[in-house]
Structure formats: structure tokens, C-alpha cells
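Step one of this worksheet: look at the structure below.
Computed over heavy atoms, backbone and side chain alike; hydrogens, waters and symmetry mates excluded.
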Number of protein chains: 2
Amino acid sequence: MSSSNLLDKMIEALQVMPGIGPVSATRIAYYLLDRKRTEGLLMTKAVDEALSNISLCPICRNYTDVENEPCQLCSNARRKEKHSICVVETPSDVMAIEASASYQGNYFVLHGHLSPLDGIGPHELGLEYLKDRLSQERIEEVIIATSHTVEGDVTASYIASMVKKFDIRVSRIATGVPLGGELGSVDGNTLALSLNYRRDM
Amino acid sequence: MSSSNLLDKMIEALQVMPGIGPVSATRIAYYLLDRKRTEGLLMTKAVDEALSNISLCPICRNYTDVENEPCQLCSNARRKEKHSICVVETPSDVMAIEASASYQGNYFVLHGHLSPLDGIGPHELGLEYLKDRLSQERIEEVIIATSHTVEGDVTASYIASMVKKFDIRVSRIATGVPLGGELGSVDGNTLALSLNYRRDM
């Protein structure tokens, strides 16, 4: 307990953030109080605005600022020209792919994966919206970038069979040894898949 | 860049906190957006209230909730009975001593140490308020708990000579080998002081 109730409440509240325990929360609280009150207040304002106003893009279901309006990526006309949709599990996957600067088309964010035991079916992943896009837009390829877990694989298979009905090419991002990875430090399953999926040179 | 301006601003703003870089800030932002919007909003409210309202206790200069009112520690009558003041550099030092449950008296927080080159003199540390307490309250001992650095030592000497004029006992917390510390892992200066300050058994 410190000398101030407000300070105790602040330290407790900061612990809602992942990776922030009592020690870091205390350090953050004293740092902001001692030296960065103005910046700290601007921070709470920015977080408040983001948490209150960010909604899902009606096209790709990624995060967007204005309700019922397409996000920055979907409203970029140049991206539409690529006629491809990359399907990912989370908004942070979109950010990771964008950071790699290796993809220029559009996205569709599932916000999870199929998991019947948890009550997560095609409807919860918004797959009817993906269907709408496949029938209404001119899409030439759907790239599935779900993670390589049991649930990710099941989700990928489900979406692949859905896309094939529209006679559209479906692909899945490659599995294999990471760039710069030493073979000794790669797990056996990945190595097996990497051998299986070998390419001719 | 993500798909949302508000999200980008949130990620940048979160980095005002110490130890939070771009990667942690992104992780925190997505976590709050995906799963803890309500808790995140309560967090910003608590931080906002603390940063806007916490001021310094007029008696000990530690953090307090209500302006110009004594803090929880100073308004605790039982602590006054001990007739001692522990002088520390920062509010987090008070918290550390309180957590050790080894001290029952009152405090005085300097919010720094003497550093003439940085323009920090006795006035900046509020030492006139400490003087007022020494002349007005019944104080039997002043315990100096500034850190064992050059600046901490200078500050301690200055305060000690100030207190002695009031004919009040001055002490400084002990220096030595930490509890459970192996001699091999303790620095040479600490070890030398520990030998120097040895106690009869």
C-alpha cells in the first residue's frame, strides 16, 4: 500500500495489460507521476479513443476507425487490382504480413479459428461475408494464412472447399525451414513437412 | 502501419511507459482491443484520475490524493507516537520500506538529491519544510535513508548537520552485505564498508 488510494488504484488497473505485473505497474505509475504526467494523460486519451471507437471493417473485418466504413487497406484502389484475398486469423497477422511488404492484395480477418467445442463455427468467423465477396467481387485467388495448428488446418480445409465451389484458385502459405534457421534448431515436424514440400531446382 | 489511425496512435502513445517498446505496445493494443475493451477503459480512467489529482502531502511531501491534506501515513496517529522521521529520495523508497514492515514512524520525501550542477539545492528538496517539522513537532530521531551514491552521501551529510542544530539524534541506515548475499558476489566497496562497520558479537 502506498500513501495514496488513487495511486494504488492506478497500479492495480495498469495490470490489465499483458506482461505487466505488480512490479512493472508500480514502476510505470511512479515514472508517469514523477516525470511524464502530461504525456501519460495524452496516452490515456489515445487508448480511450481507440478502445471506444475502433470497430470492424465491413469488407475485411480488420480494425477500422469509422463504423460501417471500409478500412485504409480495403479503400486502397491499387490493392483491389490484385484480385486476391489473404485469409488470416487475427488483425496482428495482417500487420505482420504488411510489415514484410510481400503482399499487395486484400485481406479477410477471421478473429479466431473453427472450434466447435468452444462454439466457434463458420458464422462466428464471419464466413458468410467472405462468401459474399467471392460472389460479388472479381477474386482470382484466395491465399489462406491460418496458423499451422490442428484448428488452423481444419479452418483452412473448410475455407478451401468453400472457395473451390466458386471455381477460384486457393493456396496456403508455405511451411518449411525458416530463413536463416539451422536445421538442428527446427522441430522434427516442420523438417518433415519441409522435405515433403521440396521444390525442384 | 495498421488498418486504423486510432490504433497506430494508441500503439505510439503506449510507448510513453518505461520498458514498453513498439513490440510490447502492439501486443498490448491488440490484446486490449480483442479481449479487454471494458477493462482497458477502466484502466485509462484510473490512470487519468491518478495523474490529474495526485499532489504532494504538505507534511512529508509523499504522494497524496487531496491537495493540501496530509497523506494516509501522516494522518495515522499511531505513527506520530514514534517521534521519528525517515528521510528518503523518492516515493517508491517509502513504498519499499513500508513493504519491509520494519519501520513505524513518519517520512520525509526529498524527490531527488542535492545536485548543484543540475540546479537542485536545499530549496528544491523542500528542506525548509523539514526544518519546520523539526522545530514544531516533537521529533526524537531523524533516520536518513538516501542512497549510497556520491550525491546521496552529500545530501545525507547536509541534512545531518541541519538536524544536529536542533539537538536531535541523526542516524543513517546501515551499509553492508545483503541478507543471503554470497561474499563473492558483493562488490569490493560494499565489502570494505561492511568490514569497517562491523559490530561486536
Is it the side chain or the backbone of [X] that comes within 4.5 Å of chain A heavy atoms, both, or neither?
{"X": "B:Val94", "value": "neither"}
{"X": "B:Thr38", "value": "neither"}
{"X": "B:Tyr63", "value": "both"}

Shorter than 4.5 Å, heavy atoms on both sides: which option in [options] has the most such pairs with chain A?
{"options": "B:Leu32, B:Asp34, B:Ile20", "result": "B:Asp34"}
{"options": "B:Pro91, B:Cys71, B:Gly40", "result": "B:Pro91"}
{"options": "B:Asn76, B:Leu33, B:Thr26", "result": "B:Leu33"}
{"options": "B:Leu41, B:Leu42, B:Thr90", "result": "B:Leu41"}
{"options": "B:Ala13, B:Ala46, B:Ser75, B:Pro18", "result": "B:Pro18"}

Does either side chain, that of A:Ser171 or that of A:Glu141, offer a donor lying less than 3.5 Å from an acceptor on the other one?
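There is such a pair between these side chains.
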
Between A:Glu89 and A:Ser147: side-chain donor-acceptor atoms closer than 3.5 Å
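Present: a donor and an acceptor within the cut-off.
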
Donor-acceptor under 3.5 Å (B:Thr146 side chain, B:Gly152 main chain):
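Pair found, side chain donor or acceptor close to backbone of B:Gly152.
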
Has A:Tyr158 got more than 12 heavy atoms of other residues, nucleotides or ligands less than 6.0 Å from its OH?
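Result for OH/A:Tyr158: open.
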
Largest heavy-atom contact set with chain B, pairs under 4.5 Å, which of A:Glu12, A:Glu39, A:Met17:
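Sorted descending by pairs with chain B, the first entry is A:Met17.
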
Check whether any side-chain heavy atom of B:Gln104 lies under 4.5 Å from a side-chain heavy atom of B:Arg78, and answer yes or no.
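When only atoms from C-beta onward are counted, B:Arg78 and B:Gln104 do not touch, as no gap falls below 4.5 Å.
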
Closest contact, heavy atoms only, B:Ile97 versus B:Val88
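Closest heavy-atom pair between B:Ile97 and B:Val88: CD1-CG1, 3.8 Å.
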
Residues 48-60 of chain A: residues contacting chain B (heavy atom under 4.5 Å, by number):
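The list, in residue order, reads A:Asp48, A:Glu49, A:Ala50, A:Leu51, A:Ser52, A:Asn53, A:Ile54.
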
Could you check B:Ile144, B:Ile85, B:Val142 and say which one makes a side chain to side chain contact (heavy atoms under 4.5 Å, CB included) with B:Val163?
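Passing option: B:Val142.
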
Between the side chains of A:Glu137 and A:Arg79, is the shortest nitrogen-to-carboxylate-oxygen separation below 4.0 Å, so that they form an ion pair?
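Answer for the salt bridge query: no.
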
